[in-house]
Amino acid sequence: MKHIHFFWRDGMDHVKSILLCAMCSAVLLAGSGYAQNLLTNGDFASSLTGWTVASADPLAAAVAIGNGNPDPGLYLSRGTNSAQILPNGVGQVIPVVPGRKYQVRGQWSGMIMGRNSIGDPNGTTLAEVNVTFLPTAGTPYTGEGAPSVAMQIKKRWAYPGDNPSYTFGVDPATGGWAWEPIGLSSRTGDSESIVAPDGMNFMAVWTNFACSVGNTSTTVYARIDDLQVMSCQGFVVQDLNSDCKVNFADFSVFANAWLTCGRDPATKCWN
Ligand SMILES: [Ca+2]
Ligand SMILES: [Ca+2]
């Protein structure tokens, strides 16, 4: 049970807190959480229900339920060398309205530093979350005839000496990254503002995990969870948790930061 505390000053630097009331906590809980998620089972609580598994690579690519944030979550991995064959992951197609704006969010973590006999580390491993708009629900979103990717979020392992921007926050020493919002790695397009084009009535959200240049002695993987597509036509600054509505959940964010002060020196905070 999350409690909300109000803080106020008592003298120059003394802060006290009180528990406001159990009823307010109940209201806050009721007002928290995600905006309507247009995806089915984006938190993978129902295993892979709603998702189409596409693990097309014949060489040990795998899609499974693994550790999530919280469990369970989508687990994509591969353990042996192969050429990239799209896709390796899961996808879901949802109806959209041309001209409307959409946001794609989620969390991921992983380890994408491959190893093989050529060198250690080696390999070019990448993890992606892609959005492709489709004219019909049956239009393929990968392969020949597929429309181009409209928005791509990507993590890629880079050889030492490669452009460091390729790695997008991947630790060069370990190949890993801890749970973080997928939008931090937006590569093509803006994951917070994706507009469905004219004639495109469906959106495919699909993941891909590939390794193109050798990976024979370790398992590389990406964990993906909390995938969400929402359609917000405009955010206001008071929407502190960015769920496209202003309510007690935003008030909670504000109250939890009450009397936070970062002034330097700290003696300037309350004078
Ligand atoms: Ca989950
Ligand atoms: Ca809000």
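Remember, it's 1-based here, ligands and their atoms both numbered in the order they're listed.
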No waters, cut-off 3.0 Å: how many protein N, O or S atoms are close to the Ca ion (ligand 2)? 6
Between side-chain atoms of residues 132-139 and protein atoms elsewhere (two or more places apart, or another chain), which donor-acceptor pairs fall under 3.5 Å?
from, atom 1, to, atom 2, distance (Å)
T132, OG1, W206, NE1, 3.0
T136, OG1, G138, N, 3.4
T136, OG1, T139, N, 3.3
T136, OG1, T139, OG1, 2.7
T139, OG1, T136, N, 3.4
T139, OG1, T136, O, 3.3

Tell me whether D239 contacts the main-chain N or O of D243 through its side chain, where contact means a donor paired with an acceptor under 3.5 Å. yes
Checking W177, F209, Y221, Y75 against W108 for ring pair (Phe, Tyr, Trp, His ring centres under 6.0 Å), the one that qualifies is W177
According to ring-ring contact (aromatic ring centres under 6.0 Å, His included), who are the partners of Y102, at least two apart in sequence or on a separate chain? none
Within a strict 3.0 Å cut-off of the Ca ion (ligand 1), protein N/O/S atoms tallied 5
Spatial distance of atom CD (Q103) from atom CD (Q228) [nearest 0.5 Å]: 8.5 Å
So which heavy atom on A178 is nearest to which on S109, and how close? C-CB, 3.7 Å
Any donor-acceptor pair under 3.5 Å linking the side chain of N88 with the backbone of A210? no
Say whether N130 and Q152, considering side chains only, have a donor N or O and an acceptor N or O under 3.5 Å apart. yes
Would you call K155 and I112 a side-chain contact if the rule is heavy atoms closer than 4.5 Å? yes
